[in-house]
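These notes concern the structure reproduced below.
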Amino acid sequence: RSTLFPYTTLFRSGSGSLNVSSNYDGIVSKDTLVFNSGTYTITASDDGIRGKDNIAILTGTYNITASGDGIKSTNEDGSNGYIIIDGGTFNITSSNDGIQAVTNLNINGGTFNIKTAGGYQTVLKNNITAKGLKAGSQIVIKKGTYSLNTADDAIHSNGTVLISGGTLNIQTGDDALHADGTLQVSGGTIIVSHCYEGLEGSTVTLTGGNTTITASDDGLNALGDNSTSSNTGRPGADNFKNSTGKIVIKNGTLQVYSNADGIDCNGSIEMSGGNVYVESSNTDLQSALDHDNTMTITGGTIVALSKSSGAGDNGTLTSNVPYIYTTVNNASGKIVLDSISYTPKMSEYKYIFIASSSLSTGSATLTYGNNSTNVTLSTGNVSTLNNGGFGGNTRPGGR
């Protein structure tokens, strides 16, 4: 059996150390587990720490190696099954999920080093989940430092994900941040150096923060009815139902490097502020901006580059701030347009779209690499882009 298995609430406090080695779970309670301090080194053939009702961690150091989940709560009665972490250091290596709450996972601070199933290069077998942070209803991250190297989604909720602070460094074989419902980033720094898709939800909202995404597929993805979004070559692909899909950008900085669609939405995209830079390096029928319905820009700055024009988007794009859209001949190097200056990571680009509330309508000079051309900035419908511009909706397997 488990090394520690109380039938009532277990409260652990003190500055000492506890070493646990178990052929089953490491520390388990049928009620609530509360950790106030201490150092715990746990090696378990199943889960490291499991509180059936709830788990509350105030501080402490947790070194966990588990063949199951690292830390989990399991009570599905609706009023329990949560995990609250206020601080501490967590070094977790697990074969399955790192930290899993059946309902809510609330993290107010701490240092997290989590590796699941060998890391992002692992190809999972069927019916195996190896997510970093996982919850059935909601994940809230307010502060903390996170290093997540996961074979499955780094952060995953069947409901909502709310990120308001912290520093997150992510490598994942699937989605970096996934929510079946709303995914909102209002603060913090998110650096995704490897993923299949970056931020994914029925609704993706950016109201702050600094987010950088390097994705082998889409950078941002908001999906519609019955769409399958995760890497279909992996188990546990995420299915969305009864959603039109929506991306809302109000503030913050977003940088996307994508081998497919930079920003992909089966519904509408609304941008009213912030700074967005998107590079789509795929030369197939995929693109920097892809939306089925409408994309409306009323504020902020967006620079979108693509190697491919796409196959024509179903949606319409309207910019109420000055914009230019132009085709260049396999250009490279720094792009300058009045007050806008951007140096792409991609070595070559063909299509340039820039819109910004800091620009003025009328004539201007666009410089790209060693070349320059005269352009005219205007507002209104971006009809050229809609007809064979950045859209990639009809690509094979497109959504």
Side-chain angles (χ1 to χ4, degrees), residues 4 6 8-15 18 20 25-40 42 47-64 66 68-92 94 96-114 116 131-148 150 153-168 177-179 181-188:
L4 294 179
T8 59
T9 298
L10 173 64
F11 185 90
R12 177 70 170 83
S13 180
S15 59
L18 178 64
V20 175
D25 296 330
I27 300 174
V28 184
S29 172
K30 283 195 170 182
D31 289 328
T32 298
L33 285 171
V34 180
F35 296 89
N36 189 37
S37 59
T39 298
Y40 305 84
I42 301 172
D47 304 324
I49 296 174
R50 178 164 61 89
K52 181 178 179 181
D53 282 355
N54 310 294
I55 297 175
I57 299 176
L58 304 180
T59 186
T61 299
Y62 305 83
N63 304 310
I64 299 174
D69 298 331
I71 300 173
K72 72 188 297 185
S73 63
T74 59
N75 196 326
E76 299 180 3
D77 68 2
S79 61
N80 293 298
Y82 63 78
I83 296 176
I84 297 176
I85 298 175
D86 281 343
T89 298
F90 301 83
N91 301 308
I92 299 174
S94 63
N96 296 132
D97 302 320
I99 300 177
Q100 178 191 173
V102 73
T103 54
N104 294 348
L105 172 58
N106 292 349
I107 303 179
N108 301 315
T111 300
F112 299 82
N113 300 295
I114 298 176
T116 67
K131 298 173 172 62
L133 305 176
K134 177 182 175 182
S137 299
Q138 180 173 271
I139 294 176
V140 177
I141 294 176
K142 294 183 178 181
K143 292 189 296 183
T145 301
Y146 304 79
S147 177
L148 307 178
T150 62
D153 296 350
I155 297 175
H156 177 104
S157 172
N158 293 343
T160 60
V161 173
L162 307 175
I163 310 291
S164 61
T167 300
L168 293 81
L177 280 71
H178 170 91
T182 296
L183 167 58
Q184 178 173 315
V185 177
S186 60

Item to check | Mutual orientation of the aromatic rings belonging to Y40 and F35 [parallel < 30°, tilted 30-60°, perpendicular > 60°] | outcome: perpendicular
Checklist outcome for this item: Between Q100 and I83, the two heavy atoms sitting closest are O-CD1, 3.3 Å
Checklist entry - Can you check whether I49 reaches I57 side chain to side chain, under 4.5 Å on heavy atoms? => result no
Item to check | Donor-acceptor contact present, side-chain D47 to main-chain D69, <3.5 Å | outcome: yes
Next on the checklist: Whether the side chain of S157 engages the backbone of S137 through a donor-acceptor N/O pair (distance < 3.5 Å, no angle test) should be reported.
Outcome noted: yes
Item to check | Pair N104-V140, side-chain contact (heavy atoms from CB on, under 4.5 Å): steps then yes or no | outcome: CA-CA 8 Å; N104 294 348; V140 177; over 6 Å; no
Next on the checklist: Using every non-hydrogen atom in the two residues, find where Y62 and S37 come nearest and quote the distance to one decimal.
Outcome noted: OH-O, 4.4 Å
Item to check | Minimal non-hydrogen separation, S94 against G70, with atom names | outcome: CB-N, 3.9 Å
Checklist entry - Minimum heavy-atom separation for N158 to G136, with atom names? => result CB-O, 3.1 Å
Checklist entry - Roughly how far, to the nearest 0.5 Å, is the CD1 atom of I55 from the NZ atom of K72? => result 10.0 Å
Next on the checklist: Nearest 0.5 Å, please: how far is CD in Q138 from CG in L162?
Outcome noted: 5.0 Å
Next on the checklist: With heavy-atom distances below 4.5 Å as the criterion, would you say the side chains of V102 and T74 are in contact?
Outcome noted: no
Item to check | 4.5 Å side-chain heavy-atom contact, Y146 and I141 | outcome: yes
Checklist entry - Got V161 and L133 here, is their nearest side-chain heavy-atom distance under 4.5 Å? => result no
Checklist entry - Roughly how far, to the nearest 0.5 Å, is the CD1 atom of I99 from the CZ atom of F112? => result 5.5 Å
Next on the checklist: Can you give me the closest heavy-atom contact between G48 and I64, atom names plus distance?
Outcome noted: CA-CG2, 3.9 Å
Checklist outcome for this item: One should read off an interatomic distance between K134 NZ and H178 NE2, to the nearest 0.5 angstrom, of 11.0 Å
Checklist outcome for this item: Taking every heavy atom of K142 against every heavy atom of N108, the minimum-distance pair comes out as CD-OD1, 3.4 Å
Checklist outcome for this item: NZ of K52 to CG of D31, rounded to nearest 0.5 Å, is 8.5 Å
Item to check | Point-to-point distance, once rounded to the nearest 0.5 Å, from CG of D53 to OG of S29 | outcome: 7.5 Å
Item to check | Non-hydrogen side-chain atoms of S73 and N54 separated by less than 4.5 Å | outcome: no
